[in-house]
Each structure stands twice: as structure tokens, then as C-alpha cells.
Amino acid sequence: LDSLMKKEVASFAEDLKKSPGQRTGQISMEFYQRRRTRWPFPPENIPWEVWTIRVELVSLGNEYERIKWREKLGEVLAEKTLYITEVMNKHEFLPKMPNQSDLELVFDSSFHDVQPFLFKVCHSTDSPSSPAVGINTVRRLLKDTLAI
């Protein structure tokens, strides 16, 4: 799990450094659970929590400015981490514990040492924008149309 997260963050950092113009981007971690659907559709992923960090690379003139920005960034990240921890410790954010047969709908069992909630990491180096129509939207539209 640790190496997967490091790989995703490193990939985002590389893309951000290579991006032309103003170097901004965002990286998101989406937690979801699967819901079974009828044939011919695969299971549907239903997000229940999304964490997004927006980043802007800045060029600093000297070491003093770098130290000040680093301190400020450390304080902001610590504050946000504590806030996430407080919110996530409340049980209303977690999905209901599944039956034994439905564990794979909530937990990722592909790691040998932990079984985290299902998640995916995405990143982009574009400015944040409204989400596009995704496969789940198209799937729901087709499913509703076929049900008529």
C-alpha cells in the first residue's frame, strides 16, 4: 500500500514538473464501494468520500523565502491532516460493515498486509474543472432506458 501511494504521488510530481506554463494540479483519493448490477453491466463504483489536494509550484528568490514557505506549508498540511482525522473518526462517514460474502464490495484484499477500503488515486495537471460525464452516468442512462 505504501509503495503504491508513493508511486502515485511520484507520478503526479513528475507530471506537474513537466507541465507547461503555470504549474498547478490536483491529486485526489476517492474511497468507494461497489454495488452489484444486472448483466451485462459490471459492478458500479459508488464514491463515499473524496480527498483532493490542489498544488501550485512556485519559484522562490532565495533560501529565506523557501524556509518561510516550507513552514507555512507544514502548518497548513498539519491542520488539514488533523481535520481529516477528526472527521473520519466519526462513524457516520464509513460504509456499513458488509456480510462475509460481500467483503470485496467494500474492502481491497489485493494487499498482503492490510485490507483498506476500496480506493483509487487520480491526478491532473490542469486547473480544477467540473467533472465530465463518466462511464457510470452512461451506464445508468442505458440501464434506465433498458428498464422501460
Side-chain angles (χ1 to χ4, degrees), residues 1-58 66-147:
L1 179 62
D2 183 54
S3 61
L4 172 68
M5 295 306 294
K6 286 179 180 177
K7 179 180 151 194
E8 292 287 349
V9 170
S11 174
F12 172 58
E14 286 177 28
D15 288 352
L16 195 59
K17 289 175 185 174
K18 292 178 186 175
S19 67
Q22 186 178 9
R23 296 178 173 182
T24 60
Q26 65 182 28
I27 186 166
S28 299
M29 185 170 186
E30 177 180 286
F31 296 93
Y32 64 93
Q33 67 183 87
R34 290 189 180 115
R35 184 170 62 185
R36 290 190 174 104
T37 57
R38 289 191 238 160
W39 183 88
F41 302 107
E44 186 175 10
N45 295 339
I46 310 295
W48 54 270
E49 182 76 15
V50 179
W51 300 344
T52 301
I53 298 176
R54 290 176 182 80
V55 177
E56 179 180 351
L57 291 183
V58 294
R66 190 187 71 77
I67 291 171
K68 286 296 182 189
W69 272 89
R70 186 175 183 172
E71 288 175 5
K72 182 178 176 182
L73 178 62
E75 290 171 5
V76 170
L77 286 175
E79 179 183 309
K80 298 299 181 186
T81 302
L82 287 174
Y83 174 73
I84 289 170
T85 304
E86 289 173 12
V87 170
M88 290 306 294
N89 279 334
K90 298 177 183 175
H91 294 291
E92 65 261 16
F93 277 96
L94 301 176
K96 189 178 91 175
M97 189 57 65
N99 297 327
Q100 182 73 24
S101 62
D102 292 337
L103 288 176
E104 78 278 357
L105 299 177
V106 176
F107 298 104
D108 186 344
S109 59
S110 65
F111 301 99
H112 70 279
D113 54 348
V114 294
Q115 287 74 45
F117 288 109
L118 291 169
F119 70 93
K120 68 178 180 178
V121 177
C122 330
H123 69 269
S124 70
T125 55
D126 302 327
S127 60
S129 62
S130 60
V133 175
I135 188 69
N136 287 339
T137 306
V138 173
R139 183 183 300 134
R140 268 191 228 117
L141 179 64
L142 286 172
K143 190 164 118 181
D144 292 344
T145 304
L146 294 173

I27 and E8 have their tightest heavy-atom pair at CD1-O, 4.2 Å

Any donor-acceptor N/O pair, R54 side chain to Q26 backbone, under 3.5 Å: no

Student check: side-chain heavy atoms of S11 and H123 closer than 4.5 Å: yes

Are the side chains of E44 and Y32 in touch, meaning some heavy atoms are under 4.5 Å apart? no

Non-hydrogen side-chain atoms of V55 and F12 separated by less than 4.5 Å: yes

Quick one: does any side-chain atom of T37 pair with a main-chain N or O of P42 as donor and acceptor, under 3.5 Å? yes

Roughly how far, to the nearest 0.5 Å, is the CZ atom of F107 from the CE atom of M97? 4.0 Å

Hydrogens and angles aside, do S101 and N99 bring a side-chain donor and acceptor to less than 3.5 Å of each other? no

Could you pull out the closest heavy-atom pair between L105 and L118, with the gap in Å? O-CD1, 3.4 Å

Looking only at non-hydrogen atoms, find the nearest pair between S109 and Q115 and report the distance. CA-CG, 4.1 Å

At what distance, to the nearest 0.5 angstrom, does OG1 of T81 lie from CD of E86? 11.0 Å

When you look at CD1 of I84, are more than 12 heavy atoms from neighbouring residues, nucleotides or ligands closer to it than 6.0 Å? yes

Once rounded to the nearest 0.5 Å, what's the spacing between atom NZ of K120 and atom CG of N45? 6.5 Å

Any side-chain heavy-atom pair from L82 and E79 closer than 4.5 angstrom? no

So, for F119 and M29, which heavy atoms are closest and what is the spacing to 0.1 Å? CD1-CE, 3.7 Å

After noting the C-alpha distance and the side-chain angles of E104 and R36, does the key distance pass the salt bridge (charged side-chain N to carboxylate O under 4.0 Å, His left out) rule? CA-CA 11 Å; E104 78 278 357; R36 290 190 174 104; 2.9 Å; yes

Where P98 and L103 come nearest, the two heavy atoms and their spacing: CG-CD2, 3.7 Å

What orientation do F117 and W48 show, parallel under 30°, tilted 30 to 60°, or perpendicular over 60°? perpendicular

Shortest non-hydrogen contact from S19 to L16? OG-O, 2.8 Å

